[in-house]
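The sequence lines fix the lettering, A, B, ..., with proteins before strands; numbering per chain opens at 1. Quantities reported herein were computed from a predicted structural model and do not represent experimental measurements.
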Amino acid sequence: MARLEGLTTTPAVTRVAPSPTGDPHVGTGYVALFNWALAKRTGGRFILRIEDTDQARSRSEHEGAIIDALAWLGIEADESPRAGGDYGPYRQSERGEIYADHCGQLIEKGAAYRCFCTSERLAEMRAAQKAAKGQMGYDGLCRSLTAHESASRAADGEPHVVRLAVDKSGVTRFTDLLRGEIEIQNREVDDQVLLKTDGMPTYHLANVVDDHLMGVTIIMRAEEWIPSVPKHVMLYDAFEWSAPTYAHVPLLRNADKSKISKRKNPTSILWYRDEGFLPEAMLNFLALQGWRPNEDRELFTTEEFVAEFDPHAISTGGPVFDMTKLEWVNGEKIRELSPDELASRLTNGGFAEGWTRDEVLGVLPLFQERLKRLSEFLDQSRYIRETVEPDMEGLRKKTKKVEPALLATGLREAAEVLTSMAGKSHDEQEAALRAIADRHEFKVGALFMGLRIAITGAMASPPLLPSVDAVGAEESARRTLALVEQLAATA
RNA sequence: GGUCCCAUCGUCUAGUUAGGUCUAGGACACCAGGUUUUCAUCCUGGCAACCCGGGUUCGAAUCCCGGUGGGAUCACCA
């Protein structure tokens with residue numbers, strides 16, 4: 001496609017510009033990671049700008065949550081409301097004068113005009129356009145106002161917005177790094193509102209002014225913005241600025257291919273954190289949605305990603321968010337961690353309530369290869385701390401061929417072995433247990449399954465003898481004898 | 001509906017820029033087998049795709065055109 005030489009070698013100034021209107025969105029993380037990686041790789045700057053011009057929906061607590069969530073992923077902005085920087089403020093609500101001033105320039109140049117139309121008139125106009133199945137968009141009524149009338153009505157305090165004066169003839173072309181040349185007929189472009197009645201800019205104005213003033217060199221954002229690029233290009237032209245490079249990345253999708261949404265997928269980064277997904281797994285997985293290293297390899301570290309990332313290589317198809325693959329990546333990353341590190345993550349992340357770090361470390365060998373999410377730890381390890389209701393039905397199924405009385409006898413003897421041989425090697429213990437089954441002439445598997453269900457409660461559980469160690473020999477024997485009684489009671 | 005974007009296994013993708021090396025490669029998932037007292041891990045193998053139709057060409061997954069399908073967008077939200 002539109003290959004840009006030097007893109008990965010000249011310092012890039014990139015940005016992510018979330019709106020603080022909800023929980024930190026996984027899509028924000030997705031776009032942020034590409035922008036961050038390019039800036040980092042090229043030794044440029046990565047800016048986190050808060051687009052809070054929608055005063056009704058923006059909430060300040062979301063701003064902090066977004067910055068924190070990105071930091072959790074390992075994405076730290078060089079410039080942001082929190083980090084500061086030379087091109088601030090980084091909160092659009094604090095840049096009102098800048099927009100007003102630039103908007104004034106546009107009006108003077110004739111590239112924008114005041115519009116006094118009421119929302120009622122706009123609603124009627126749209127209804128009529130819809131009924132007539134005609135072209136949608138502002139009809140340009142206020143565009144014919146004389147400069148004098150426009151200025152004096154504004155001076156009288158009449159509420160108004162400022163609109164972009166689009167030349168409806170011709171076509172606007174721009175190049176997208178991933179998609180090549182895109183052209184849109186100007187008649188399709190609406191006289192977009194640039195400055196709202198409340199004096200705040202809309203996205204279109206704010207975004208262009210800020211990106212220019214902050215020195216942004218490449219805009220990587222979601223593809224949903226493609227249709228509005230002509231408006232931005234017109235603004236750059238009107239200001240006589242040169243436009244940055246555009247790269248519209250695909251949208252993350254639900255299983256039905258629609259744009260990823262709360263209803264069909266967890267979309268909050270906080271949810272993934274609280275479920276026990278590792279930030280490095282999350283980042284690896286997200287990067288995989290459209291990008292991959294040169295070799296056939298899907299697991300990589302954040303450092304490797306940064307070192308190799310090239311925006312040209314992002315694919316254009318919208319990737320379906322696959323939780324199963326995320327879990328696989330997470331499991332792999334969990335297994336890569338040192339037990340020490342994993343124990344820390346478990347305790348610090350609140351996934352081992354009631355356990356000390358050392359206690360966790362002690363039993364970790366039983367669970368490290370079994371965890372897909374850190375949140376599973378408590379459930380998987382429950383049997384170690386408390387008696388778990390044994391799966392009697394499972395036991396019956398697995399020991400069908402053994403005389404119940406015989407099995408009971410075997411289990412009683414096994415309980416005896418567990419206590420008498422406590423502290424001996426697992427090999428010796430196992431040999432003794434096998435001898436029991438052999439003596440009574442039934443399958444060793446049945447005996448082990450009985451013990452397993454007695455001690456861990458379930459048919460599928462961590463290795464038996466290490467579990468006995470973790471539970472304690474006395475307690476294990478007690479649970480075994482309890483099972484024997486339960487067996488007799490139900491027989 | 002208008003406009004724009006996209007289109008390789010169920011899913012993520014390699015291959016498309018410079019057409020042959022592609023009887024289309026890898027990974028997840030799934031299935032089968034091995035290791036294991038269960039599960040998990042690990043190992044081996046298997047299933048499985050170039051949306052359709054034309055054209056260009058000796059040759060097309062790759063280039064062109066037309067369909068079809070999916071998506072996004074048409075706000076004083078971003």
Could you tell me whether the side chain of A/S461 has a donor or acceptor atom within less than 3.5 Å of a complementary atom in the base of B/rC39? no
Taking pairing as Watson-Crick or G-U wobble with both contacts under 3.5 Å, can you name the mate of B/rA40, or confirm there isn't one? none
Return the pairing partner of B/rU23 with a 3.5 Å limit on both distances, Watson-Crick or G-U wobble; otherwise return none. none
Send over the distance from A/R370 CZ to B/rA40 C1', rounded to a whole Å. 5 Å
Could you please name the option among B/rC76, B/rC39, B/rC28 that lies closest to any side-chain atom of A/T197? B/rC76
From B/rU41, B/rC76, B/rU13, nucleotide with atom closest to A/V193 side chain: B/rC76
What nucleic acid atoms does A/P462 come within less than 4.0 Å of, heavy atoms only: base, sugar-phosphate, or nothing? base
Ignoring hydrogens and angles, are the base of B/rA29 and the side chain of A/K325 linked by a donor-acceptor pair under 3.5 Å? no
Report which part of the nucleic acid A/W225 touches: base, sugar-phosphate, or nothing (heavy-atom distance under 4.0 Å, all strands). base
Tell me the interatomic distance from A/M459, atom CE, to B/rA40, atom P, rounded to whole angstroms. 12 Å
A/G290 near the nucleic acid: base, sugar-phosphate alone, or nothing, with a heavy-atom cut-off under 4.0 Å? sugar-phosphate
Nucleotide nearest A/R253 when distance is taken to its side chain, options B/rA14, B/rG71, B/rA78: B/rG71
Position toward the 5' end of RNA chain B (nearest nucleotide), A/E183 or A/S315: A/E183
For A/P463, which contact category applies under a 4.0 Å heavy-atom criterion: base, sugar-phosphate, or nothing? base
Nearest heavy atom decides the nucleotide; on that basis, is A/R297 or A/R187 closer to the 5' end of RNA chain B? A/R187
